[in-house]
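Input: a single structure, listed below in structure tokens.
Throughout, protein chains are lettered first and strands after them, A, B, ... in sequence-line order, and every chain is numbered starting at 1.
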Number of protein chains: 2
Amino acid sequence: MTKKTPEDAFEAVRKVFTEYLEKHGHRKTPERFTILKEIFATEGHFDIETLYIRMKNHKYRVSRATLYNTIELLLDCGLVTKHQFGTNYAQFEKSTKLRQHDHFIFNDNGDVIEFYDPRIEEIRTSLEKTYSVEVTNYSLTFYGHPRTKK
Amino acid sequence: MTKKTPEDAFEAVRKVFTEYLEKHGHRKTPERFTILKEIFATEGHFDIETLYIRMKNHKYRVSRATLYNTIELLLDCGLVTKHQFGTNYAQFEKSTKLRQHDHFIFNDNGDVIEFYDPRIEEIRTSLEKTYSVEVTNYSLTFYGHPRTKK
DNA sequence: TTAGATGCAAACGGTTTGCAGGGAA
DNA sequence: TTCCCTGCAAACCGTTTGCATCTAA
């Protein structure tokens with residue numbers, strides 16, 4: 001068994017997007033794949049403006065409208081996750097489905113810690129049972145600061 | 001022991017706000033108390049625009065600027081809670097501190113179920129221990145739809 | 001008396017929309 | 001060739017800011 005290279009991983013992602021586009025009758029434009037690539041080369045969270053600047057710096061000709069449009073598609077096919085950390089602009093994150101996690105945000109500078117606690121699944125399950133609903137997604141975010149020394 | 005009337009309850013709230021204003025050297029203007037009263041007469045969630053319209057309908061002369069300003073104070077003294085349910089406008093809710101709860105949002109119409117699961121406190125505690133942080137507040141929201149029948 | 005609050009309207013900034021031109025199918 | 005997609009810029013809309021006026025202290 002051979003180890004997967006990052007290139008292999010991105011190929012898998014590209015394939016997911018391609019199949020999604022085909023299934024929904026959307027065109028496979030070069031812009032869409034360029035944006036996908038740029039996002040998957042990004043670690044951590046980003047917002048549209050940051051992505052726009054980064055692509056401009058990389059000499060890509062792209063418009064914000066296309067970024068919003070494409071992000072919408074990527075959200076729909078589950079390759080990207082959207083967060084609204086209490087600000088009035090959205091932040092996004094590539095979602096590899098490999099590592100489900102939630103967030104702790106530092107109040108002062110917006111830094112992010114990612115964590116995972118399986119008990120969230122228990123809460124989800126009992127919620128679904130109690131109210132006869134089906135959860136499609138959720139958001140758990142803690143806010144705070146470093147523990148102060150006594 | 002006599003039962004508390006809603007009026008008593010609001011008096012307690014008014015007192016919290018009054019003391020907060022005094023402590024921080026803010027003026028006790030009639031506008032601020034009118035807004036407080038209007039908010040505590042509101043069930044469920046609301047946004048600034050809705051509150052503004054409601055107060056206009058009640059023939060109050062108030063500006064959006066003052067609403068934003070006052071909400072900020074109410075958030076600071078813990079009488080109101082802010083939510084950002086994935087939309088780009090904020091929603092608020094009076095917080096009585098009597099019933100801590102989280103939310104389930106119906107994807108199609110934005111309806112809200114409030115629930116409480118104590119396991120969230122366990123998650124919070126282990127997060128604080130693991131990362132040496134102190135949680136000041138958090139947001140847990142599930143999104144979904146009614147369970148489909150088989 | 002005076003510094004903080006208010007109402008109004010303009011500014012701000014992230015997101016959405018309209019439209020002419022371009023390119024995937 | 002068709003019509004979906006793109007880039008650009010204007011519009012949109014929730015929120016913030018500037019300023020003249022008012023008022024709680």
Do you see a donor-acceptor pair shorter than 3.5 Å between the side chains of A/Asp102 and A/Thr141? no

Separation of atom NZ in A/Lys28 from atom P in D/dC3, rounded to whole Å: 19 Å

The side chain of A/Tyr68 is closest to which nucleotide in this list: C/dG7, D/dT15, C/dT16? C/dT16

Using the six-membered ring wherever Trp is involved, compare the ring planes of A/Tyr20 and A/His24 and label them parallel, tilted or perpendicular (cut-offs 30° and 60°). tilted

Looking only at the side chain of B/Val62 (C-beta and beyond, no hydrogens), which of the listed nucleotides C/dT15, C/dG7, D/dT15 gets closest? C/dG7

Can you tell me if B/Glu72 has over 12 outside heavy atoms packed within less than 6.0 Å of its CD? no

Can you list, by residue number, the residues of residues 38-57 of chain A that have a non-hydrogen atom closer than 4.0 angstrom to DNA chain C? none

Give the rounded distance in Å between these two atoms: CG of A/Leu73 and P of D/dC4. 14 Å

Please report the distance, rounded to the nearest Å, between CD in A/Glu22 and C1' in D/dC4. 16 Å

Donor-acceptor pair under 3.5 Å: do we get one between B/Arg61's side chain and the base of C/dC8? no

In this structure, how many angstroms lie between the P atom of D/dA25 and the NE2 atom of B/His24, rounded? 16 Å

Does B/Thr66 have a side-chain nitrogen or oxygen under 4.0 Å from the phosphate oxygens OP1 or OP2 of C/dG7? yes

Over 60° means perpendicular and under 30° means parallel, so classify the ring planes of B/His58 and B/Tyr60, tilted if in between. perpendicular

Take the protein atom CD1 of A/Ile71 and the nucleotide atom C1' of C/dG14, then report the distance between them rounded to whole Å. 14 Å

Electrostatic pair A/Arg61:A/Glu31 at N-O distance under 4.0 angstrom: no

Could you tell me whether B/Arg14 and B/Glu11 have a side-chain N and a carboxylate O separated by less than 4.0 Å? yes

Mark yes or no for a side-chain to base donor-acceptor pair under 3.5 Å between A/Arg27 and D/dC5, with no hydrogen or angle criteria applied. no

Give a yes/no answer on whether the side chain of B/His26 brings an N or O atom under 4.0 Å of OP1 or OP2 in C/dG4. no

From D/dA24, D/dC8, D/dT6, pick the nucleotide closest to the side chain of A/Ala65? D/dC8

Which of these nucleotides, D/dG7, D/dC5, C/dA25, is closest to any side-chain atom of A/Arg32? D/dC5

Rounded distance (Å) that lies between atom P of C/dT17 and atom CZ of A/Arg64: 17 Å

Tell me which nucleotide among D/dG7, C/dA5, C/dT15 gets nearest to the side chain of B/Asn88. C/dT15

Rounded to whole Å, how long is the line connecting atom CD of A/Glu31 with atom P of D/dC8? 11 Å

Expressed in angstrom and rounded to an integer, what is the separation of B/Leu67 atom CG from D/dT17 atom P? 16 Å

What residue among B/Arg54, B/Lys37, B/Lys94 forms side-chain hydrogen bond (donor to acceptor under 3.5 Å, both in side chains) with B/Thr42? B/Arg54

Between B/Asn69 and A/Ala90, which is nearer to the 5' end of DNA chain C once each is assigned its nearest nucleotide? B/Asn69

So which nucleotide from C/dT6, D/dC5, C/dG4 ends up closest to the side chain of A/Thr29? D/dC5

With a 4.0 Å cut-off, would you call A/Arg64 and A/Glu49 a salt bridge? yes

